[in-house]
Amino acid sequence: PTPTPTPPPTAIRGLNFQQTPAGDLWAMGEIYNPGSLPLSEVMVQVTLLDENGQLLASETIFPQLDVVPPGEAVSFAILFTDPPREFAQYQTVVLTGVPMSPNTRYYLDLVAGDLQGQTADAARYRVTGDLQNVGASDVENLRLLVTAYDDQERVVAVRQVDLPVSVLRSAAVTPFEVELTLAGTSVVTYTVQAQGLRVE
């Protein structure tokens with residue numbers, strides 16, 4: 001059999017567990033890429049264990065954006081729909097990840113500006129701003145990711161949205177508004193990231 005390639009060095013940060021009113025369990029965090037190359041095909045696994053190290057539940061998922069740029073982190077959110085009533089330990093591991101091919105259509109030259117974040121009510125946090133295409137190519141299939149953190153730098157809310165713009169031309173700007181759902185936690189800071197596909 002072909003050996004599984006070892007993923008490039010990565011780190012999982014800001015892990016946070018939140019119970020939902022329906023009894024489900026969110027595991028949220030972010031994958032940090034300390035290397036010099038953007039990574040794609042990244043997959044993270046979160047495993048819940050009892051006090052004896054026995055498996056209770058395990059889920060895998062891709063991060064909220066397809067590419068983790070060098071020196072940056074991209075958040076993930078895993079929903080355990082039938083979680084154990086309690087768990088004593090957990091493990092997190094990045095299972096896969098490869099350097100992004102230079103021939104890919106993934107487009108990262110997008111910058112969010114004029115950002116404003118404010119609490120809409122006890123359960124919602126709203127972020128508005130402008131997204132500018134600072135690269136030389138036109139971009140389509142735009143996806144925007146907003147990640148919110150508490151005072152301990154844990155991820156407390158994640159929201160990915162597809163922007164309604166069909167094509168954002170080079171140097172063009174488009175406004176956005178994103179609402180995050182909170183679970184009784186205050187937002188101290190947030191990040192806004194965007195990726196798309198180069199128009200060919």
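When all heavy atoms of P70 and S36 are compared, the pair lying nearest together is CB-C, 3.6 Å. Closest non-hydrogen pair, N33 versus L37, comes out as ND2-O, 2.8 Å. Among all heavy-atom pairs drawn from Q64 and Q160, the shortest one is O-NE2, 2.5 Å. Nearest heavy atom pair, residue Q193 against residue A73, reads NE2-O, 2.9 Å. Nearest approach of F176 to V192, heavy atoms of both residues: CZ-CG1, 3.9 Å. When all heavy atoms of S137 and R198 are compared, the pair lying nearest together is OG-NE, 3.5 Å.
Taking 4.5 Å as the limit, some side-chain heavy atom of Q195 sits within range of a side-chain heavy atom of P69. Between P8 and P99 there is a side-chain heavy-atom pair separated by less than 4.5 Å. Put simply, the side chain of D138 does not reach to within 4.5 Å of the side chain of L168, judged on heavy atoms. Contact annotation: the side chain of I12 approaches that of V94 to within less than 4.5 Å [non-hydrogen atoms, C-beta and beyond]. S186 has its side chain out of reach of D150: every pair of non-hydrogen atoms, C-beta onward, lies at least 4.5 Å apart. With contacts defined as side-chain heavy-atom distances shorter than 4.5 Å, the pair L56/L49 does not qualify. Under the 4.5 Å side-chain criterion, counting only non-hydrogen atoms from C-beta, V156 is in contact with N16. Side-chain contact between F76 and I31: present, with at least one pair of heavy atoms (C-beta onward) separated by less than 4.5 Å.
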Q.
Show, in sequence, the C-alpha distance, side-chain angles and deciding distance for L79 and L25, and conclude whether the side-chain contact (heavy atoms from CB on, under 4.5 Å) test is met.
A. CA-CA 6 Å; L79 181 64; L25 180 70; 6.0 Å; no
(Q) As a quick check of understanding, evaluate salt bridge (charged side-chain N to carboxylate O under 4.0 Å, His left out) for E140 and R105, giving each step before the final call. (A) CA-CA 10 Å; E140 60 185 358; R105 287 181 61 206; 2.5 Å; yes
Q: Given side-chain contact (heavy atoms from CB on, under 4.5 Å), test Q45 with S58 step by step and report yes or no.
A: CA-CA 7 Å; Q45 180 183 63; S58 184; 3.4 Å; yes
Q | Test side-chain contact (heavy atoms from CB on, under 4.5 Å) applied to V139 and V199, step by step | A | CA-CA 5 Å; V139 58; V199 175; 5.5 Å; no
Q: For the pair L110 and V134, evaluate side-chain contact (heavy atoms from CB on, under 4.5 Å) and give the outcome as yes or no after the intermediate values.
A: CA-CA 6 Å; L110 301 162; V134 297; over 6 Å; no
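Expressed to the nearest 0.5 Å, how far CE of M43 lies from OG1 of T60 amounts to 4.5 Å. Atom-to-atom distance recorded for E72:CD and T191:OG1 is 9.0 Å, nearest 0.5 angstrom. Atom CZ of R126 sits about 10.5 Å away from atom CG of L180, to the nearest 0.5 Å. Distance check, rounded to the nearest 0.5 Å: CG of L65 to OG of S40 gives 12.5 Å. Annotation: the span from F17 atom CZ to I78 atom CD1 amounts to 8.5 Å, rounded to 0.5 Å. Taking OG1 from T181 and CD from Q18, the interatomic distance works out to 10.5 Å, rounded to the nearest 0.5 Å.
The only member of D24, T20, L48 that meets side-chain contact (heavy atoms from CB on, under 4.5 Å) when paired with F80 is L48.
Atom CG of D162 sits in a crowded spot, with more than 12 heavy atoms from other residues, nucleotides or ligands closer than 6.0 Å. The 12-atom threshold is not exceeded at OH of Y90, counting heavy atoms of other residues, nucleotides or ligands nearer than 6.0 Å. In E177, the CD atom is crowded: over 12 heavy atoms of neighbouring residues, nucleotides or ligands sit closer than 6.0 Å.
Side-chain contact annotation: N133 with Y107, donor-acceptor N/O pair under 3.5 Å present.
Looking at T104, its side chain does come within 3.5 Å of a backbone N or O of Y106 through a donor-acceptor pair. Checked by atom type and distance alone, the side chain of Q91 never pairs as donor or acceptor with a backbone atom of T47 at under 3.5 Å. For the pair T96 (side chain) and E41 (backbone), a donor-acceptor distance under 3.5 Å is present. When atom types are taken as modelled, the side chain of E179 and the backbone of R124 share no donor-acceptor pair closer than 3.5 angstrom.
The residues R143 and D66 are annotated as salt-bridged, a charged nitrogen and a carboxylate oxygen being separated by less than 4.0 angstrom. Salt bridge status for R13 with E153: absent, with no side-chain N to carboxylate O gap under 4.0 Å.
Hydrophobic clustering (ILVMFWY, side-chain heavy atoms < 4.5 Å, transitive): L145 and V165 are in distinct clusters. Residues Y32 and V68 are members of separate hydrophobic clusters, defined by side-chain heavy-atom contacts under 4.5 angstrom among Ile, Leu, Val, Met, Phe, Trp and Tyr. Tracing side-chain contacts under 4.5 Å through hydrophobic residues (I, L, V, M, F, W, Y), one never reaches L197 starting from V111; they form parts of separate clusters. Note: the hydrophobic cluster containing V155 also contains V44 (ILVMFWY, side chain heavy atoms under 4.5 Å, direct or indirect links). By the criterion of side-chain heavy atoms lying less than 4.5 angstrom apart, applied directly or through intervening Ile, Leu, Val, Met, Phe, Trp or Tyr residues, L142 is grouped together with L115 in one hydrophobic cluster.
Taking the side chain to side chain contact (heavy atoms under 4.5 Å, CB included) definition, one finds that L182 meets it with Y125, A157, V187, sequence neighbours left out.
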